[in-house]
Peer 1: 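Shown below is the structure under consideration.
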Amino acid sequence: MTEKLSDTARDTVLAPLFESGWEMVEGRDAIHKTFKFADFTEAFSWMTRAALWAEKWDHHPEWSNVYKTVEVTLSTHDVDGLSSLDAKLARKLDTL
Ligand code: HBI
């Protein structure tokens, strides 16, 4: 059963993500990052790679794409907040 990130876990797990541009979403227990690419093809290719990881891990982003920008919000619906799955997917998205 997925659990919400504990306060202590948040300090260690979220700090590196904040370093790489992720931010807490105002009023939600969720994290958000804006990814900017050279063009639409780069953006959509990245989304395709990200989608395969999301499906493999059964953990999906809330995201939108306008031309070369992709807005990503991560939260775990099942716990109505952040879980380790969000941190795991965020770390993966930062490497794609
Ligand atoms: N993705 N972000 C997110 N949060 C979830 O709770 C979630 C998901 N993808 C699939 C999923 N849950 C399923 O495991 C459950 O809906 C059964």
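We count ligands from 1, going down the list as the structure has it; atoms in each ligand are counted the same way.
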Peer 1: State whether Lys33 and Asp94 are salt-bridged, where the test is any N-O pair (Lys NZ or Arg NE/NH1/NH2 against Asp/Glu carboxylate O) under 4.0 Å.
Peer 2: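 A salt bridge links Lys33 with Asp94.
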Peer 1: Which pair of heavy atoms, one from Phe35 and one from Leu93, lies closest together, and at what distance?
Peer 2: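 Answer, listing the atom of Phe35 first, then Leu93: CE2-O, 4.0 Å.
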Peer 1: Can you see which heavy atom on Ser83 is nearest to which on His59, and at what distance?
Peer 2: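 Here Ser83 and His59 meet closest at OG-CE1, 4.5 Å.
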Peer 1: Less than 6.0 Å separating the ring centroids of Phe40 and Trp46?
Peer 2: no
Peer 1: Is atom CZ of Phe37 surrounded by more than 12 heavy atoms (other residues, nucleotides or ligands) closer than 6.0 Å?
Peer 2: yes
Peer 1: Residues in side-chain hydrogen bond (donor to acceptor under 3.5 Å, both in side chains) with Thr8, at least two apart?
Peer 2: Ser6
Peer 1: What residues come within 4.0 Å of ligand 1, counting heavy atoms only?
Peer 2: Asp58, His59, His60, Ser75, Thr76, His77, Asp78
